[in-house]
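Heads up: the structure comes next, in structure tokens.
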Protein chains: 2
Amino acid sequence: MVNETQYTCSASSSSRSDGGSSSSGSESSKDNSRCSTPVLDADRHERLREKMRRRQDAGDKWFSLEFFPPRTANAAVNLISRFDRMGAGGPLFIDVTWHPAGDPGSDKETSSMIIANTAVNYCGLETILHMTCCNQTKDDITGHLQKAKRLGLKNIMALRGDPAGEEWEEEVDGFNYAVDLVKHIRNEFDDYFDICVAGYPKGHPEAESYEADLRHLKEKVFAGADFIITQLFFRPETFLKFMKDCQAIGITCPIIPGIFPIQGYHSLRQLVKLSKLEVPQEIKDVIEPIKDNDAAIRNYGVELAVSMCRELLDSGMVHGLHFYTLNREVATTEVLKRLGIWKEDPRRPLPWAVSAHPKRRVEDVRPIFWASRPKSYIYRTQEWDDFPNGRWGNSSSPAFGELKDYYLFYLKSKSPREELLKMWGEELSGEESVFEVFTCYITGEPNRNGYKVTCMPWNDDPLATETNLLKDQLEKVNRRGILTINSQPNINGKPSTDPIVGWGPSGGYVFQKAYLEFFTSSEIVTALLKVLKKYELRVNYHIVNVKGQNITNAPDLQPNAVTWGIFPGREIIQPTVVDPVSFLSWKDEAFALWIEQWAKLYEEESPSRMIIQYIHDNYYLVNLVDNDFPLENCLWQVVEDTFELLN
Amino acid sequence: MVNETQYTCSASSSSRSDGGSSSSGSESSKDNSRCSTPVLDADRHERLREKMRRRQDAGDKWFSLEFFPPRTANAAVNLISRFDRMGAGGPLFIDVTWHPAGDPGSDKETSSMIIANTAVNYCGLETILHMTCCNQTKDDITGHLQKAKRLGLKNIMALRGDPAGEEWEEEVDGFNYAVDLVKHIRNEFDDYFDICVAGYPKGHPEAESYEADLRHLKEKVFAGADFIITQLFFRPETFLKFMKDCQAIGITCPIIPGIFPIQGYHSLRQLVKLSKLEVPQEIKDVIEPIKDNDAAIRNYGVELAVSMCRELLDSGMVHGLHFYTLNREVATTEVLKRLGIWKEDPRRPLPWAVSAHPKRRVEDVRPIFWASRPKSYIYRTQEWDDFPNGRWGNSSSPAFGELKDYYLFYLKSKSPREELLKMWGEELSGEESVFEVFTCYITGEPNRNGYKVTCMPWNDDPLATETNLLKDQLEKVNRRGILTINSQPNINGKPSTDPIVGWGPSGGYVFQKAYLEFFTSSEIVTALLKVLKKYELRVNYHIVNVKGQNITNAPDLQPNAVTWGIFPGREIIQPTVVDPVSFLSWKDEAFALWIEQWAKLYEEESPSRMIIQYIHDNYYLVNLVDNDFPLENCLWQVVEDTFELLN
């Protein structure tokens, strides 16, 4: 007979690693009702402190990255690209420092608040915003915190900050210490934020003593901090002693060592000055003789950091490492790779990058049009109150935010004007020279002036790996004036772990309908429409010009699912759709990019500008879906037939 | 250049037959928001009068069927089976007559109201409920109409009915004529109901004259009736003249001829008496000599009806035919088949039969468990207020209605006790004799007493065509005590028009995960669980006994989609799921059927009853899903391995 116990306590009988569960006649306890959205990634629903705990329990080592807000809008654009690149390595979180002198809570594109906002919402990174409290009123602080919450930030690093004047005096009832800020956050926002505080392995330079500083740290933790990140240090034993001392006085929360890979002589000197730390003699001895050789210092810095980190991790007391990047990429990435904790995970929970805003946690479907401009899509839908179970539908479409300012720093091209001119042509001689630019972008070959075209107004980055599968065909059609801006091949059930097209949990299968989107002249559209009659039951199309004239065979303006996945034990997931309604919003953006990014490179009334303006005014934006995903993609044949008809 | 006109008026440029549409910069006008539910079948959203118009515009000929409420509960069960069978031929609607003597508005299982309710809600048929008004108060009538509306009935045939006494007097302010009822419905319920009225091709027997009767008919139409069904007649010219006369006085709504296929001498005489019609001499001449030969009369009746219907249809004035079935099947079906308007459409909008209740229009997903007991599922979920966009999810599960009365007439077995005993065994000698019953049901072979097992407590009908694909394997496992009650094969992208497994619009592809559900002993469950460890990542299972002890490896109690379809220009549709939460409700029903339908056939304390009771108390209900739908179904291997382990 079956062992009765086994049945009544059935959760334990499941050996499944992703958390097999059971119930004994009880109803589901999920607060979420309709369950159209399978929970693809537990990460999306966990708080930072829970993620930390889970990684620690699982024995996973992790890292995090600290950045400071840049000074200029251009530097901000670069920093955001860096977020994207360094985010690929899998940091548990990043943090953005608070610069009291830089209007840190403002809406400026370089403020701490806005940089953190960009990291969490547009780059999908778990983010901690630093906040200092000294010389600020309660109202100021509360205002900053409310704004942070509104923007979707969930974690605060509570700091005292440096007093404004030389002589600092405690204010009665003011924020004198970080602990006051911790208490204030817990009073005003209850448990909403995860709170981090700073620890000083050598004691705070202003503290009466190391022991007194430890007691201050304990106060901060007991006031409600969730974990500690330490100031940098030069020797692993410094940290390990500190950690033991913390534990000895009853601090049990995670303590994360702050790692500073030495990257250059001057930055080290500056940091030492600011932190009032002393560089050990053995380090000085190495550095002084090579102080003018940046590469040598960086190599040494990497070496030193790797060996220190190894020692920390080997101690068994350290599970995560926090890196002071100084907004630089190379040294930190190198250290992480050598430690083996830089993990570029080719698996994606969904085919597009998920935003970390709590409101968007359940988002699980997007229109395909913004595939290469996800930040724009997020920006334009940021006011949507409702992503009901992640379903995105027609009802919400009217709420598409307008693109009022094409120079919004996360929407504009990352490349400077001169570079764009080199890529897209200092001078255009006709529509054909525009075809050439598109073709060079596809092929990766240099243009007639010897420059590679690495981005387009509609694509900030070189061609996606997946699109590379279509390269030959794309080249052919672009040469002839079918100016492609988005495409995907059809896929009939590849494993969800496929390195190129896979996404979602393992053990599943992913599917796609072939998609092609392009600008083209009205002559070609006329021929195309004749050809499409033959494909009426197979191909769905939307053809629209800048004035909104619109031809489609989509039944009832329903969305067409073009990417979907089937997974073990889950409902179907369909993260990408071609939606006729949102296409009209996308159309405005796609046409505007001709003018805002390309035409405006040229003088007004110049021939080059008039060529782009002509295309903007007269071309059509076309999208085609081949519904017959198990057969060979017919869209190339459609285009072929169109060219044939024209000949 | 492209013709500009073509672009601005783009709807006309679409040649798509299912209604290609377009928009010029406008937002979608659909009131429905989230659009998770593609509109699979325009029929589901149209009113009867719109369907009629659409069919007429398309040149489609159609038919409808009239039934009367049965006298006994058993007859009601049979009538409902007849609804299901005759519904397969594609009637545009059925109608149920109103029997004032039979408490027609009551909750009795034989009342007009409840029979119509069953037709619309459980059989998914567009249904007209007759209602007579004479000798009734306004409150009575309003009460009936409110109840009809509540039950999801949308169409009323407004009749006067026969006065109670011999001498009938008009009541002031009362309901004296059908027109009063039409007015009352429009006053009280605005445009909610479609209203049908009766027409008399020979004039109403009580009317002063044919012309006066036509004027009464016109009054009824002008008071708000949407269409007319006529009294029976014997010659096509009678109807055609009537129709022309109606048109001549300005009646423009559809007029549907009532067809009465003569089915027997006595029924004809009775009907003639009731309707005060005269049978033409040429018909009497044929019938009188064969009046004792039922078959001959029926053949003649079919012949006569076919030729009359042909003449009506050929006139070009008639688009639909209404049949007085007298609750019989053969003659009407024969006429319809010979006319070529009986259309068994193998295409299904969804893999399960859709309910015609307006509230359930958008329902598009159901748990697989009730696949063979859809009426029970509809009954148990009838109180659900919300099928939001047809999504059915965990939240609603707690609202599963209880199955309080297994003898609810549409839930109980259609077969009488004696027949069930012959099929399932007058006397059981042990669990093996139960295995035998299951095996005979699967194979279609007679049992040891020579009777075929054509139904089971969990399946009212013989094996589905689809399940036949699995017959050999099912036979093997049932013989050994894996008592299967539900299964489906895996399907990896068959055309949606596939005659066996297809559903939904054409041009699509349908998919399934293999599913197997069975009762089995705890010994087998013990072995099965060991085997399932090997299949942990591939097979999802739920194993539960009558006490609710439950083992599953379903992650987070999420539903697992087991049937889905991909269609041109639509979102993904996933109409069938294995849902862990609803499985626990189904479990109660599935176990109860052992007792209510099977055990109770036997005397209390009889060995046969004790055997069934033992199985009920000790067996487990198991469901298995093979998630790897593109590979060969592994569930048979799982069972095979289990038997091997036991040997």
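The chains referred to below are lettered A, B, ... by the order of the sequence lines, with proteins before strands, and numbering in each begins at 1.
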- Query: Can you name the closest pair of heavy atoms from A:R570 and B:K513 and give their distance?
  - Reply: O-NZ, 4.4 Å
- Partners passing side-chain hydrogen bond (donor to acceptor under 3.5 Å, both in side chains) against B:W586 (at least two apart in sequence or in another chain): B:E517
- Item | Contacting region of A:F583 [heavy-atom separation from chain B under 4.5 Å] | neither
- Parallel, tilted or perpendicular: rings of B:F629 and A:F511 (30°, 60°): parallel
- Query: Under 3.5 Å, is there a donor-acceptor pair between the side chain of A:N627 and the main chain of B:G569?
  - Reply: yes
- For chain A, which of B:N492, B:D628, B:D626 has the most heavy-atom pairs under 4.5 Å? B:D628
- Donor-acceptor under 3.5 Å (A:Q574 side chain, B:I572 main chain): yes
- Residues forming a salt bridge (charged side-chain N to carboxylate O under 4.0 Å, His left out) with B:K530, sequence neighbours excluded: none
